[in-house]
Amino acid sequence: MPELPEVEVVRRGLAENVVGRTLTDVELRGHRVSRRHVLGPQHLRERLAGRRVSAARRRGKYLWLDLEDSVGLILHLGMSGQLLIEPAAAPDEKHLHARFRFADGGPELRFVDQRTFGGLALGDLDARGVPTTIAHIAPDLLEPEFDRDAVVRRVTSKHSAIKRVLLDQSVVSGIGNIYADEALWRSRVHGERLASRLSRPRVAAILDHAADVMREALDQGGTSFDALYVNVNGASGYFDRSLAAYGQEGRPCPRCGTPIRRERFMNRSSFSCPRCQPRPRAVAGPRVLPSSARR
DNA sequence: CGTTCATCCTGAGAGC
DNA sequence: TGCTCTCAGGATGAAC
């Protein structure tokens with residue numbers, strides 16, 4: 001259930017434990033884990049054997065291992081994916097989908113994913129070293145290519161709710177449901193306000209808050225990282241202690257004490273402070289369609 | 001074209 | 001104990 005900070009923790013784990021090593025055998029269980037690799041799991045296996053991992057990279061929530069010759073192994077954790085570094089003797093996890101063995105005979109890399117929304121694929125890298133198959137994913141808030149002014153203009157051009165835009169990975173990547181709610185809370189903006197009706201400074205502030213909350217999560221998540229255990233839950237301690245809005249329904253807003261509310265939006269939960277983040281009036285409110293009222 | 005919706009999965013926890 | 005229902009931090013193709 002990772003967003004940018006959690007994925008970055010995983011990337012660091014890969015950099016520490018996998019970069020510099022050469023793949024020998026890759027075991028793929030079932031075809032679903034490699035469904036994004038159009039040439040099929042067998043092709044993927046063959047192409048990976050003997051390749052050396054030269055870097056572990058990330059854009060937003062996407063990870064990829066640089067395999068030299070401008071080829072990368074793209075990894076996405078989806079909602080429940082984990083990458084684990086473990087001794088070969090460790091018992092298989094229940095939802096183990098891929099196992100990577102290395103020429104040095106050291107610990108193996110495993111991809112474990114309960115809900116199987118995640119997966120992996122091989123892809124060509126462009127001149128900047130980014131997989132061409134994720135060209136539609138915008139730079140994330142923490143990378144040098146992120147162009148704040150351009151993104152602010154793009155956001156304010158959208159005729160859509162601000163939270164929806166923050167979650168749109170083609171506008172800015174890395175933000176998920178948690179950090180969207182936290183950034184909006186810090187900005188005192190309700191997620192259903194229309195992006196095109198927010199001022200540019202306001203949008204800039206939302207993006208800055210999103211970057212801040214992610215950096216803070218990263219700081220905390222990075223400290224409890226076990227070198228031999230690359231875990232998407234590496235930043236989980238952060239969630240318990242530091243979230244102001246997300247998951248805090250009924251608890252007092254840290255700013256004004258008003259109980260945090262929970263609302264349905266985009267078929268998922270949104271948390272906000274009723275006082276600090278008043279709902280927009282009619283124009284940007286939810287369109288209540290009688291047919292969608294029941295499922 | 002831009003925006004929104006339904007859908008892919010499994011398991012945990014609540015309520016009955 | 002077991003059933004049903006709701007919920008979960010994501011991304012996509014297809015529909016509007």
For DNA chain C, the expected dot-bracket line (Watson-Crick or G-U under 3.5 Å, [ ] crossing, | inter-strand) is .|||||||.|||||||
Output the single nucleotide from B:dC5, C:dA8, B:dT3 whose closest atom is nearest the side chain of A:Arg164. B:dC5
List the residues meeting side-chain hydrogen bond (donor to acceptor under 3.5 Å, both in side chains) with A:Arg268, not counting sequence neighbours, and say none if there are none. none
Using a 4.0 Å cut-off on heavy atoms, which residues in residues 145-153 of chain A reach DNA chain C? List them by number, or say none. none
The residue, A:His136 or A:Arg264, whose nearest nucleotide of DNA chain C is more 5′ is A:Arg264
Over how many whole Å does the gap from A:Leu166 atom CG to C:dA11 atom P extend? 14 Å
State which of C:dA8, B:dT4, C:dG10 makes the closest approach to the side chain of A:Ser160. B:dT4
How are the rings of A:His97 and A:Phe111 set relative to one another: parallel (under 30°), tilted (30 to 60°) or perpendicular (over 60°)? tilted
Contact list for residues 155-167 of chain A, test salt bridge (Lys or Arg N to Asp or Glu O under 4.0 Å), sequence neighbours left out: A:Lys163-A:Asp181
Counting side-chain heavy atoms from CB outward, which of C:dC7, C:dG10, C:dT12 is closest to A:Ser269? C:dC7
Are the charged groups of A:Arg29 and A:Asp92 less than 4.0 angstrom apart, N to O? yes
Presence of salt bridge, A:Arg51 and A:Glu68, under 4.0 angstrom: no
Say you pick atom P in B:dC9 and the same atom in C:dA14; how far apart are they, in whole Å? 16 Å
Closest approach to the side chain of A:His95, judged atom by atom: which nucleotide of B:dG11, C:dA11, C:dA8 is it? B:dG11
Crowded around A:Arg35 CZ? As in, over 12 foreign heavy atoms under 6.0 Å? yes
Heavy atoms within less than 4.0 Å of DNA chain C: which residues of residues 110-124 of chain A have one? Give them sorted by number. A:Arg115, A:Phe117
Are any protein N/O atoms closer than 3.5 Å to N/O atoms in nucleotides 13-16 of chain C? If there are, list each pair with its distance.
none

Chi angles and distances behind the side-chain hydrogen bond (donor to acceptor under 3.5 Å, both in side chains) call for A:Arg262, A:Ser270: CA-CA 6 Å; A:Arg262 172 184 185 162; A:Ser270 286; over 6 Å; no
Over how many whole Å does the gap from A:Leu77 atom CG to C:dA11 atom C1' extend? 13 Å
Does the side chain of A:Leu184 come within less than 4.5 Å of A:Ile206's, by heavy atoms? yes
Output yes when A:Lys61 and A:Glu6 qualify as a salt bridge under the 4.0 Å nitrogen-oxygen rule, no when they do not. no
Exam field: side chain A:Ser173 to backbone A:Ala138, donor-acceptor pair closer than 3.5 Å: yes
A:Arg21 side chain reached by A:Val53 side chain, heavy atoms, under 4.5 Å: no
Ring pair (Phe, Tyr, Trp, His ring centres under 6.0 Å) test vs A:Phe271 passes for just one of A:Phe265, A:Tyr246, A:Tyr179, A:Trp185, namely A:Tyr246
From B:dC9, B:dG11, C:dA11, pick the nucleotide closest to the side chain of A:Arg32? B:dC9
Using 4.0 Å as the upper bound for N to carboxylate O, is an ion pair formed by A:Glu182 and A:Arg186? no
Between A:Arg200 and the options A:Asp149, A:Val155, A:Thr156, the side chain to side chain contact (heavy atoms under 4.5 Å, CB included) test singles out A:Thr156
Any base atoms under 4.0 Å from A:Tyr62, or only sugar-phosphate, or nothing? Heavy atoms, all strands. sugar-phosphate
Looking across every strand, which nucleic acid part, if any, lies under 4.0 Å from A:Arg262 by heavy atom: base, sugar-phosphate, or nothing? sugar-phosphate
